[in-house]
There are 2 protein chains.
Amino acid sequence: MNDDKSTRGSVRTITDLARLAGVSPGTVSRALAGKSLVNTKTREKIEELAREHGFRPNQMASGLRRQKTGVIGVVIPLGHDTRQQISDSFFMTLLGFLADELTRQGYDLMLRRVVPESDADWLDRFIGSGMIDGVIVIGQSDQFDRIEDVADGYGPMVVWGNHTEGQRHCVVGTDNRLGGRMAAERLIAAGAKRLAFLGDTTAIEFAARFAGARDVAQKMGLAPIIALPTHLSPERASEEIAGHLAATDGRIDGIFAATDTLAALCLTALRERGVAVPDDIKLVGFDDLPIAQQTVPPLTTVRQDIAAGARGLVDLLLRRLAGEQTESLVLPPQLVVRQTA
Amino acid sequence: MNDDKSTRGSVRTITDLARLAGVSPGTVSRALAGKSLVNTKTREKIEELAREHGFRPNQMASGLRRQKTGVIGVVIPLGHDTRQQISDSFFMTLLGFLADELTRQGYDLMLRRVVPESDADWLDRFIGSGMIDGVIVIGQSDQFDRIEDVADGYGPMVVWGNHTEGQRHCVVGTDNRLGGRMAAERLIAAGAKRLAFLGDTTAIEFAARFAGARDVAQKMGLAPIIALPTHLSPERASEEIAGHLAATDGRIDGIFAATDTLAALCLTALRERGVAVPDDIKLVGFDDLPIAQQTVPPLTTVRQDIAAGARGLVDLLLRRLAGEQTESLVLPPQLVVRQTA
DNA sequence: GTGTAATTTGCAAACGTTTGCAATTTTCCT
DNA sequence: AGGAAAATTGCAAACGTTTGCAAATTACAC
């Protein structure tokens, strides 16, 4: 314990350790890397010394030499709706699972938030930095084209987001269109006839959810769904929702919110207006975040399996790192019926 | 545009670029680093070429040579309550602000979750990896002593957590004890006399909140506050809370929840039991997360300024990186009165 | 035009690992 | 004991940048 502290810091490099052990740096390197070509005796001595002096090989040097870093980049483009997202429960939960999963696979995670508008070069820069072996992009935001461009020349990239027919980058995500259909079907089954969609349809995932709902409305011969564009950041959203509700007063009886977060805010706004849910207006959310269980009344929503998503992202990325070509992974959403529709 | 693509990848190193520009690698390095000692003419040529070929210097090599990486490690020890935390809104929000703040200062963020029980060496390993210039520890969990040990020998570390008299590591955090006092005072002012504390007091921050509340109860001559140990993960918490409520039925009229998340769950549980809030039982939370505004009724809580916390963490860390000694930073909590107490 | 100072450049040695190759030692077989 | 094969080791050259120092160039003053 004591000499641990006194000697700590004196052995900084593999060469120091080699001198101590009376062998060459190469041997130390091999011993610490667990290669089979070093004698068990010497390996044990080296490991013992390493432990005693708290030695750890420098990852930068190792990365440089081996041309791989053991780090996966995770980048969150803050596109259309700058301020939001990272505080968004959904992305954060996904990030948490990603961290777990990458750790399990022996990778570290380098997190970067970027604002594409002010930094057109965000993706190339990250990739070209030499710091990461591969990259996971969380959310396509409004950067679909740029991601497509990069995908042509760079293999180890997987994106969380929406799958579009014929796209070239590998994506993992929920079938948003199907989810949208489920939501609309539920609203209609619950008795709603005049539907509205709450959310920003410039985000591609949300657009797909909207499209799914529209499919159903059209097939059922209902009036077109009214789009109520709304930002995701709680401050702006509250106001906007209040405005929408005032503007559409009496003209709608079912709301499909792009997100549970929006749905929860909507619920609050409806209560303030004295609108009964689900009696006067039915409401369906998306994601099935923890908050969905805690609203009053509990929220009917479309569930995304976040853990499965994270596993899928990492799994596909590792396969791509190994040189494999991989297809995109589209996960099935699941309707969770609670009490708002 | 076209030749951009065709040439991309041919220029991988500073030496390649030097050859193209007809200068030495050293000059290219200086030019790209924006040093003053290179001729404006040649600098421009080099920058132009670099842009044209999408060249970016390898960060690993640079880091190795300069002995600094431009990366700050952020580590979340999952101590007492393994599964939780990263999905915890509070930590996630803090992480988001940290990412912003570090980016603003030109640093990248390397995220690591560790389970100290199964990996006693978690902190030394991260620090010794050579991958990071400094480290921010989010939450002391039950690792106070280990952090203290490390602090003696390693400067660039700042910790989010609770400040204890005489501790040796630099910490940023809310004055939990004061926050606890505020909560208890509010409960009492609202008419409560028999208080309970909801949360796991083995977590040091929570213990301090509890202690603050106890101070007040004692000073006011009330009965001792009943501790209701509760895990943070929503699944377990719900059950446990239900159990606590059943067990203390009629014996308490004020609850101080260690966290807004717990408070929200508690509110749901109370409603299920048909207990009126705040009429039968008053409730105060902690954090002032977005959810506090959305519960029914909206939650009275003690606010932590998360953004200020993140700024403080980064600011202190940078000062320490510059060699400065820094004191800990204790932020004042703020009572936010809504409708549960 | 010469000498000196100020600017720019190039050279080459680091930074700490890993790894192909060759040299050495050990093992095993006859 | 002798020899070949197998197991260990050491050597030295990378990986791609940065930077102190010296060399070369330019600018300036007389």
Side-chain angles (χ1 to χ4, degrees), chain A residues 9-47 49-50 53-71 106 108 125 127-133, chain B residues 9-47 49-50 53-71 106 108 125 127-133:
Chain A
S10 63
V11 179
R12 300 237 62 84
T13 81
I14 234 174
T15 314
D16 296 338
L17 197 59
R19 192 171 14 246
L20 272 187
V23 298
S24 80
T27 304
V28 173
S29 172
R30 284 185 271 249
L32 263 31
K35 305 236 176 182
S36 58
L37 2 63
V38 2
N39 185 298
T40 317
K41 227 31 185 317
T42 48
R43 146 168 310 117
E44 277 165 4
K45 174 160 52 156
I46 291 171
E47 283 173 344
L49 280 169
H53 293 83
F55 170 78
R56 325 195 177 288
N58 183 304
Q59 295 293 110
M60 287 274 147
S62 166
L64 177 57
R65 168 63 224 232
R66 300 189 310 150
Q67 296 293 84
K68 56 170 67 176
T69 65
V71 180
D108 266 312
R125 187 125 54 92
I127 291 170
S129 71
M131 289 274 265
I132 57 177
D133 292 342
Chain B
S10 63
V11 179
R12 300 237 63 83
T13 80
I14 236 177
T15 314
D16 296 339
L17 197 58
R19 193 172 14 248
L20 271 188
V23 297
S24 80
T27 303
V28 174
S29 172
R30 284 186 272 250
L32 262 32
K35 305 234 175 183
S36 57
L37 0 65
V38 3
N39 185 298
T40 318
K41 228 27 188 318
T42 49
R43 145 165 311 117
E44 276 165 4
K45 174 159 51 151
I46 291 171
E47 283 172 345
L49 280 170
H53 293 82
F55 170 79
R56 323 190 181 292
N58 183 306
Q59 295 293 110
M60 286 275 147
S62 166
L64 177 58
R65 169 64 225 231
R66 300 189 311 150
Q67 295 292 83
K68 54 170 68 176
T69 64
V71 180
D108 265 313
R125 186 126 53 92
I127 290 170
S129 72
M131 289 274 263
I132 57 178
D133 292 343

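Quick note: numbers below take in every heavy atom, side chains included, and nothing from hydrogens, waters or symmetry partners. Everything numeric here is computed off the predicted structure, so don't read it as measured data. Numbers restart at 1 for each chain; the letters A, B, ... are given by sequence-line order, proteins then strands.
For the side-chain contact (heavy atoms from CB on, under 4.5 Å) test, residues two or more places apart in sequence or in another chain that qualify with Lys35(A) are Arg30(A), Ala33(A), Leu37(A). Shown here are the side-chain contact (heavy atoms from CB on, under 4.5 Å) partners of Thr69(B), two or more places apart in sequence or in another chain: Met60(A), Val71(B), Asp133(B). Asn58(B) is linked by a side-chain hydrogen bond (donor to acceptor under 3.5 Å, both in side chains) to nothing, counting only residues two or more places apart in sequence or in another chain. With sequence neighbours excluded, the residues satisfying side-chain hydrogen bond (donor to acceptor under 3.5 Å, both in side chains) with Arg56(A) are Asp121(B). Residues meeting the side-chain contact (heavy atoms from CB on, under 4.5 Å) test with Glu47(A), sequence neighbours left out: Arg43(A), Arg51(A).
Against DNA chain D, the stretch residues 20-28 of chain A makes heavy-atom approaches under 4.0 Å through Gly22(A), Val23(A), Ser24(A), Thr27(A). Across residues 61-71 of chain A, Ala61(A), Ser62(A), Arg65(A), Arg66(A) each have a non-hydrogen atom less than 4.0 Å from an atom of DNA chain C (numbered order).
The CG atom of Leu49(B) lies 10.5 Å from the CG atom of Leu32(B); values are rounded to the nearest 0.5 Å. Between Gln59(B) atom CD and Leu64(A) atom CG the span is 12.0 Å, to the nearest 0.5 Å. Rounded to the nearest 0.5 Å, atoms NZ (Lys45(B)) and CG (Asn39(B)) are 10.0 Å apart.
Within 4.0 Å (heavy atoms only), Ser29(A) reaches at least one base atom of the nucleic acid.
The distance from atom NZ of Lys41(B) to atom P of dT7(C) is 18 Å, rounded to the nearest whole Å.
For residues 57-70 of chain A, the set of pairs meeting the salt bridge (Lys or Arg N to Asp or Glu O under 4.0 Å) definition, not counting sequence neighbours, is empty.
Comparing the helix axis at one end of the helix from dG1(C)-dC30(D) to dT30(C)-dA1(D) with that at the other, each defined from 5 consecutive pairs, gives an inter-axis angle of 30° (nearest 10°).
Taking 4.0 Å as the cutoff to heavy atoms of chain A, we find the contact window on DNA chain D bounded by dT8(D) to dG16(D).
Contact detail for Val38(A) and Ala31(A): the closest heavy-atom pair is CG1-N, 3.8 Å.
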Show me the donor-acceptor pairs within less than 3.5 Å that the side chains of residues 15-27 of chain B make with the rest of the protein, sequence neighbours left out.
{"from": "Asp16(B)", "atom 1": "OD1", "to": "Arg19(B)", "atom 2": "NH2", "distance (Å)": "2.9"}
{"from": "Asp16(B)", "atom 1": "OD2", "to": "Arg12(B)", "atom 2": "N", "distance (Å)": "2.9"}
{"from": "Asp16(B)", "atom 1": "OD2", "to": "Thr13(B)", "atom 2": "N", "distance (Å)": "3.1"}
{"from": "Ser24(B)", "atom 1": "OG", "to": "Gly26(B)", "atom 2": "N", "distance (Å)": "3.4"}
{"from": "Ser24(B)", "atom 1": "OG", "to": "Thr27(B)", "atom 2": "N", "distance (Å)": "3.4"}
{"from": "Ser24(B)", "atom 1": "OG", "to": "Thr27(B)", "atom 2": "OG1", "distance (Å)": "3.3"}

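If Arg30(B) and Arg30(A) are placed on DNA chain C by their nearest nucleotide, the residue sitting closer to the 5' end is Arg30(B).
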